[in-house]
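Report on the following structure.
Values in this document were obtained by computation on a predicted structure and should not be read as measured data. Chain naming here is simple, since letters A, B, ... match the order of the sequence lines and numbering starts at 1 in each. Just the heavy atoms: all of them, side chains too, but no hydrogens, waters or symmetry mates, feed the values below.
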Amino acid sequence: MRKETFNHKEIEKAAQAKWAELDLYRTDLTDTTKDPYYLMFEFPFPSGDLHIGHWYAFALTDIYARYLRAMGKNVLFPMGFDAFGLPAENAAMKRGLDTRTWTYESMERMRTQVRTMGTSVDWSKEVVTSDPEYYHWTQWLFTKLFEQGLAYRGSAVVNWDPVDNTVLANEQVLSDGTAERSGAVVEKRRLEQWFLGITKYAERLLTDIDPLPWKEDIKDAQRAWIGKSDGATLSFVITFKNDPTLNDWRDDKGNPASLAVFTTRPDTLFGATYVVLAPEHPWVTRALEDHADVLSNAVEVKKYVEKTKRKSERERMENKEKSGVKLEGITAINPATHEEIPVYVADYVIGSYGTGAVMAVPAHDERDFEFAQLFNLPVTQVVAHPFKQTTEPGVYREGEPTLVKDGIITIIKHWKEDKYMGLAWKKVAWGTFLTGGVDEGMTPEETVIKEIREETGYLHAKIVKKLMVVDGLFYHVPKEKNQHVHGHVFYVELVDDTKETVDAEEDEKHEIKWLTLDEMEKFITPDTHKHALEVFKNGYAPYTGDGSLIDSGEFTGRDNEEAKWDIVSMASGERTTNYRLRDWLVSRQRYWGCPIPIVYDPEGKPHAVPAEHLPWLLPTDVTSTTKGPNGKAPLAASKELADRVVTIFGEGWTPEYDTLDVFVDSSWYYLRYLSPQNNQAFSDQALMKKWMPVDRYSGGSEHTTVHLLYARFFYKALYDLGLVPTVEPFNERFNRGLILGTDGQKMSKRWGNVLNPDEFVEKYGADAVRMYLAFIGPYNEAGSYPWKHEGIESMRRFLDRIYALRTKVQEGIESTIPAQKSLARASQKVASDLTRFKTNTAVSALMVLMNALEDEEQISSKDFVSFLEVLAPLAPHLAEALYEEVSKSESAQSVHSLSWPEFDQSLLEDDTVVIGVQVAGKTRGEVSISPTATEEKAVAAALQDPKVLQSLPGGAPTRVIYVPGRILNLIP
RNA sequence: GCUGGAGUGGCGGAAUUGGUAUACGCGGAGGAUUCAAAACCCUCUCCUUCGGGUUGUGGGUUCAAGUCCCACCUCCAGCACCA
């Protein structure tokens, strides 16, 4: 038997009944006496049961809600259910139950569970997305977007299950590309679908992130998702070899047959040696379907295109080996070099990004390089790889004048042996290849032959290959000046040892060494030469960085970034921005979702269902398991729906059969909380002005990109329609961490490590579970925390000790100063910790406080109530129970109606503090002095300490650094 | 591969934002209590050759670095053939 314990079931029941009776958590949204604070957590799917993750999300935000109320805020803390959607539908189907019935029963169960946590949710604001009262307005908002052209129809590729004759969501397709349900190999099909035009908002979604007070990882994930790229669209004129008449062919806009490509590297245009089209590119389709004769290898191309179509998304993602087919009969003209270059179709180019076609620059793009290797395509270097010398001798001297010139770096092979020429410099510790400057009027090649002869005397040298151009910035020690050399790197073989006498002056400079490649590696010193050797040994690797342009016509020599846009205008290109973000496909061929409020006239033209016919009800004569005809959505089988359309709109009119993606439902629910029963509007304008944006939004990191981004877009679209008052819906965003199983693994049925929170609530009580979760780690950082049984036991022990404290409480006695000080400190610490969502240190502060109170003989009832007030957000039930016991002199009915305890500031200031004493920065002792003591006093006190004296030669410091109340540092 | 974040005892984690590193809790050891055990209570618990040393590693800035700067290593998260 514990010395003191309490019956948590009793006190929880009593407290919860009391709160309900007092209607303590109903928020008056129109209250003008208090500051509004909108605190929200992500509303759950009705998954059937609350798991520990739900507790973590709801209970910890509840702690903050209770704290804010005590701070005098008017807190809106609502909840609801994201009730439509696949998870509910699948769960119901798996159990063989009706989706609607199962979903609503499931929500009822979860509501009860949420109450057991002691959350202070205002249930009068509850929203359920599958209620017609809610989706009425989802539909209304959709029609508003439709009117703006922001909701539109387009064709999209979907996952098609040929056995079940149905469309599958990505989640229903297994990693091997088969359907979860039927096991069939999933195919790709192009269907007409509804989209929301989120890409129109890409730029604003991006720039408006910057001022938000979110953690960098959340912001960055959104930026990556939007994926902005600045570049240019360039046109490549196309020539049809097999059918010259087509060369006059013009596109829809009357432009000559030319192919648009998007590139972020127009500066490398001179190095574009071929062009690649995505297999989905309209030209490929057209060439195969309408003009098969333009391709000499149409059969082969067709085969390749078919093959890539069958490839699943995942396959394409995992297997990144290049493949492709040349389009025989079509060539393109590089607009910069005017050279004729080949055209390929390859699936490494994505049809839906940019123009679905790229110019390939193998010298400066890794993917293009890989492809070029495969097909033996030319690699033309146009950007020199720069090296600024960073190791002596020859470190580039910043700010000093620099001689810019062309030069050669020559790797010379011995005429007989497998050895190479190295030059050991005599006046400086350089080991180099043969180098030289290119004189006016000479080519680098001529310079090579000349330099070999002048500097080494060898007469018979053969240039085998030009390897590359490197750009060296270094200090030429013998010449005593900075040089910036565009170094043309050559590989040369000596034919024989015929040589003439070398000029004595040249001979003075360096000595020839014949070295193997391994020896050469150690011998060579300048960075440019090291790189040249590397390329000689391992071959050219694509260089994707910046540098000066080479072999780029009139642009040669200029900085690539600086010349970029000039090259674009020279090629008559257009500066373009592209985004990775695609428009949001919202059609779902499922039953359990918000019906898309669209009907089609006899010509097939879509019309929004007029407002007076909303809500556009989900028919009840079909259900999740109903199969629509020809693989259409379940609603296509609904007679109820078809009849409704004919009755309202007339013969020949047909309904839209698809339902909306659940992320549409959840994109605006925070607006509905403000006016959940409103049947005149989706929300209330005055209340939105008062309450938006949501002050703090807590949720899972899995929703960082999709939900958060979609909600931001939806809200911005409503802002443009004048329907909401601000540009962003959420101010602060906190991603919570993950509670792991006791084995440190993610909880999953597969590992058999799923813990049921109800068991712990039953055994230790809701308060212990709440406080344990609060203590497990910082809630404001998305870490992951393994569940420890010992942890929750210790938390119950802590609560028992608090319960035991009540026996020390005395009515009518004075507070002691130590008790007051402890309370003041804890109250301040808990307040600042909770504000930052640092629940773990808030709990720790409570523990420190309790340890101090335990040392007291007696506790005044006033102090004890203060203690309960600080405890109340974290352990609301126990605080309430103890409050009832000791609060006879208090006027408030509930501890949760009290305001946060205030203490005299002077209680936080100590008369004496212990500060560290350092000698030369090392801690040697400590002194106990007043935080306002003068430097003389502090030093005098410190010199009393023998340890300090001992380490302070001379007995007195020459210099003193004194930060009152913090540190004393004595410098000998 | 790219981008972002983080590395502190046996473990979860603290650290007034540059000022006594290891708060609080778990685990462990010893004791008290008990016929005995559980529970409860008390004490100790980074290393040390007792000089001192210690925040992933190596440098730097500073009177002073877990905190700031540079390089490297490791882990986590997001994106991933996006031209």
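Here CZ of A:R712 is found 6.0 Å from CG of A:L709. Values are rounded to the nearest 0.5 Å.
For A:K322 against B:C81, a side-chain-to-base donor-acceptor contact under 3.5 Å is present.
Each of B:G12, B:G19, B:A14 was ranked by its minimum atom distance to the side chain of A:I967; first place goes to B:G19. Of the candidates B:C24, B:G19, B:G4, the closest approach to any side-chain atom of A:V963 belongs to B:G19. Taking only side-chain atoms of A:S844, from C-beta outward, the nucleotide of B:A23, B:G13, B:G5 with the closest atom is B:A23. With distances taken from any side-chain atom of A:T264 to the nucleotides B:A14, B:A83, B:G27, the minimum falls on B:A83. Comparing atom distances between the A:R966 side chain and each of B:C40, B:U17, B:A64 picks out B:U17 as nearest. Each of B:G52, B:U20, B:G5 was ranked by its minimum atom distance to the side chain of A:T923; first place goes to B:U20. When distances are taken from the side chain of A:K922 to each of B:G53, B:C24, B:G19, the shortest belongs to B:G53. Closest to the side chain of A:N969, out of B:C24, B:G5, B:C63, is B:C63. Of the listed nucleotides (B:G12, B:C24, B:C63), B:C63 has the atom at the smallest distance from the side chain of A:R959. Comparing B:G25, B:A14, B:G5 by their nearest atom to the side chain of A:S794 picks out B:G25.
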Would you sort out whether A:Y772 and A:F760 count as a ring-ring contact (aromatic ring centres under 6.0 Å, His included), showing the intermediate values? CA-CA 11 Å; A:Y772 173 57; A:F760 296 102; 8.5 Å; no
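Within 6.0 Å of the CD atom in A:E857, the count of heavy atoms belonging to other residues, nucleotides or ligands does not exceed 12.
In textbook terms, a nucleotide whose glycosidic angle is within 90° of 0 is syn, while B:U61, being further out, is anti. B:G9: glycosidic angle within 90° of 0, hence syn. Using a 90° window around 0 for the glycosidic torsion, B:G30 falls outside it and is classed as anti.
No side-chain donor-acceptor contact under 3.5 Å links A:D347 to the backbone of A:P279.
Ring orientation note: the planes of A:Y540 and A:F369 are tilted relative to one another, at an angle of 30° to 60°. By the 30° and 60° cut-offs, the orientation of the rings of A:F6 relative to A:Y803 is tilted.
If you take NZ of A:K838 and C1' of B:A23, they are 12 Å apart, rounded to a whole angstrom. Between A:Y348 atom OH and B:C81 atom P the separation is 14 Å, expressed in whole Å. Atom-to-atom, CG of A:N851 to C1' of B:G25 comes out at 10 Å; the value is rounded to the nearest Å. Counting to the nearest Å, the C1' atom of B:U3 and the NZ atom of A:K228 are 17 Å from each other. Atom CD of A:E854 is separated from atom C1' of B:C42 by 12 Å (rounded to the nearest Å). One atom, CG of A:N735, and another, C1' of B:G4, lie 13 Å apart when rounded to the nearest Å. Counting to the nearest Å, the P atom of B:C40 and the CZ atom of A:R796 are 12 Å from each other. Atom CD of A:Q918 and atom P of B:U20 are 8 Å apart (whole Å).
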Strictly under 3.5 Å: I want the nitrogen or oxygen pairs between protein and nucleotides 75-79 of chain B, one per line.
from	atom 1	to	atom 2	distance (Å)
B:C79	O3'	A:R580	NH1	3.0

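Nucleotides B:G56 and B:G5 are separated by 16 Å at their C1' atoms, to the nearest Å. Across B:G31 and B:A37, the matching P atoms stand 12 Å from one another, rounded to whole Å.
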Enumerate, atom names and distances included, each donor-acceptor pair closer than 3.5 Å involving a side-chain atom of residues 774-782 of chain A, sequence neighbours excluded.
from	atom 1	to	atom 2	distance (Å)
A:Y779	OH	A:S698	OG	3.1
A:N780	ND2	A:R836	O	3.3

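Look at A:R223 and you won't find any side-chain N or O under 4.0 angstrom from OP1 or OP2 of B:G4. Look at A:N840 and you'll find a side-chain N or O under 4.0 angstrom from OP1 or OP2 of B:A14. Here A:T355 does not reach the OP1 or OP2 of B:A83: none of its side-chain N or O atoms lies under 4.0 Å away.
At a threshold of 4.0 angstrom between heavy atoms, the contacts of A:V843 with the nucleic acid are absent.
Salt-bridge formation is not detected for the pair A:E702/A:K746: no Lys NZ or Arg NE/NH1/NH2 atom is positioned less than 4.0 Å from an Asp or Glu carboxylate oxygen.
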Pairs counted only when both distances fall under 3.5 Å, Watson-Crick or G-U: show me the 5' to 3' dot-bracket for RNA chain B, [ ] for pseudoknotted crossings and | for other-strand partners. (((((((..(((......[....)))(((((.........)))))((....))..(((((..]....))))))))))))....
